[in-house]
Amino acid sequence: MSDWSAGYPTDSVYVDAIQPAISPWRWHQSLAFAGRDAPDPGKPFRFLELGCGSATTLIALAAAYPWAEFTGYDFMPECVMQANALIAETGLTNVEVREGSFAEMALEPPAEKYDFACTHGVWTWVPEAFRRDIVAVMGRWMAPGAVFYVGYNTAAGWAASEP
């Protein structure tokens with residue numbers, strides 16, 4: 001039997017919580033303080049989350065920024081089903097979650113590029129080949145001047161929540 005996860009850990013329970021560090025407005029302010037340009041989150045923008053899980057953060061952002069478009073990707077079917085059920089329940093029309101791997105995404109860039117993107121807790125969990133796929137996605141999916149945020153979680157940090 002083949003390992004469909006291709007090395008991504010699927011045996012851990014993920015904490016399903018909104019990640020407050022994932023915020024276009026917060027990133028915009030931080031970059032402005034550093035004297036750097038960033039897309040204006042007060043105007044229409046496109047936002048991408050890689051490894052969105054059940055998309056609680058993405059859905060909260062879609063509610064907070066009704067003028068923006070949000071897309072999440074995850075390769076775990078049960079997470080995608082949970083996310084889409086919650087989206088349907090909220091009635092939000094500016095957010096969608098799709099099933100797909102980073103390698104699949106890298107092969108097929110979108111018709112319209114993204115202004116903001118993030119991944120939270122993914123980079124430190126995946127093998128090097130997946131990291132290369134993430135970099136390829138960012139190179140093909142992001143608009144010039146876009147912002148990409150990598151949230152850092154490690155298995156050790158999450159292990160405390162396990163019995």
Side-chain angles (χ1 to χ4, degrees), residues 4-28 38-39 41 44-127 129-143 146-155 157-158 161:
W4 70 272
S5 72
Y8 187 85
T10 58
D11 58 345
S12 298
V13 175
Y14 296 101
V15 176
D16 193 15
I18 292 175
Q19 302 298 325
I22 298 175
S23 165
W25 187 251
R26 182 183 222 172
W27 302 340
H28 184 265
F45 63 87
R46 291 175 44 88
F47 188 102
L48 174 67
E49 184 175 4
L50 302 176
C52 66
S54 59
T56 52
T57 300
L58 196 68
I59 294 166
L61 289 171
Y65 297 93
W67 56 89
E69 295 176 33
F70 294 85
T71 306
Y73 273 84
D74 204 284
F75 86 121
M76 295 181 75
E78 62 273 15
C79 288
V80 174
M81 286 174 31
Q82 272 186 308
N84 285 319
L86 185 55
I87 291 167
E89 189 176 321
T90 65
L92 292 169
T93 59
N94 64 331
V95 59
E96 65 177 334
V97 173
R98 300 176 183 164
E99 184 180 337
S101 71
F102 305 139
E104 292 168 332
M105 292 176 71
L107 295 175
E108 196 170 321
E112 191 175 346
K113 297 193 178 217
Y114 289 85
D115 304 296
F116 296 98
C118 70
T119 185
H120 182 73
V122 174
W123 188 266
T124 57
W125 286 64
V126 297
F130 281 36
R131 292 181 189 150
R132 285 191 297 271
D133 292 336
I134 291 170
V135 170
V137 169
M138 290 302 98
R140 294 180 183 127
W141 286 54
M142 301 303 291
V147 174
F148 178 47
Y149 172 86
V150 179
Y152 188 82
N153 274 343
T154 63
W158 289 105
S161 66

| query | Does Ala62 offer a backbone N or O that forms a donor-acceptor pair with the side chain of Asn94 under 3.5 Å? | reply | yes
Over all atoms of both residues, closest heavy-atom pair of [X] and [Y]:
X	Y	answer
Leu61	Pro24	CD2-CD, 4.0 Å
Leu50	Ile134	CD1-CG2, 4.0 Å
Gly53	Ala83	O-CB, 4.1 Å
Glu104	Ser101	OE1-N, 2.8 Å
Pro110	Arg140	CD-O, 4.4 Å
Gln82	Ser54	OE1-CB, 3.7 Å

Can you measure from [atom1] ([X]) to [atom2] ([Y]) and round to the nearest 0.5 angstrom?
X	Y	atom1	atom2	answer
Glu49	Asp74	CD	CG	8.5 Å
Phe102	Phe75	CZ	CZ	8.0 Å
Glu99	Cys79	CD	SG	10.0 Å
Thr71	Arg46	OG1	CZ	5.5 Å
Leu48	Arg98	CG	CZ	9.5 Å
Thr56	Ile18	OG1	CD1	5.5 Å

| said: Quick check on side-chain contact (heavy atoms from CB on, under 4.5 Å): which of Asp115, Val147, Ile22 does Phe47 satisfy it with? | reply: Ile22
| note | In Ile87, Leu86, Asn84, the residue satisfying side-chain contact (heavy atoms from CB on, under 4.5 Å) with Val95 is Ile87
| query | Should the pair Tyr65 and Trp67 be assigned to parallel (<30°), tilted (30 to 60°) or perpendicular (>60°) ring geometry? | reply | perpendicular
| message | Students often mix this up, so state it plainly: with edges at 30° and 60°, are the rings of Tyr73 and Trp141 parallel, tilted or perpendicular? | response | perpendicular
| request: Measure centre to centre between the rings of Tyr149 and Phe116, then say whether the value is under 6.0 Å. | output: no
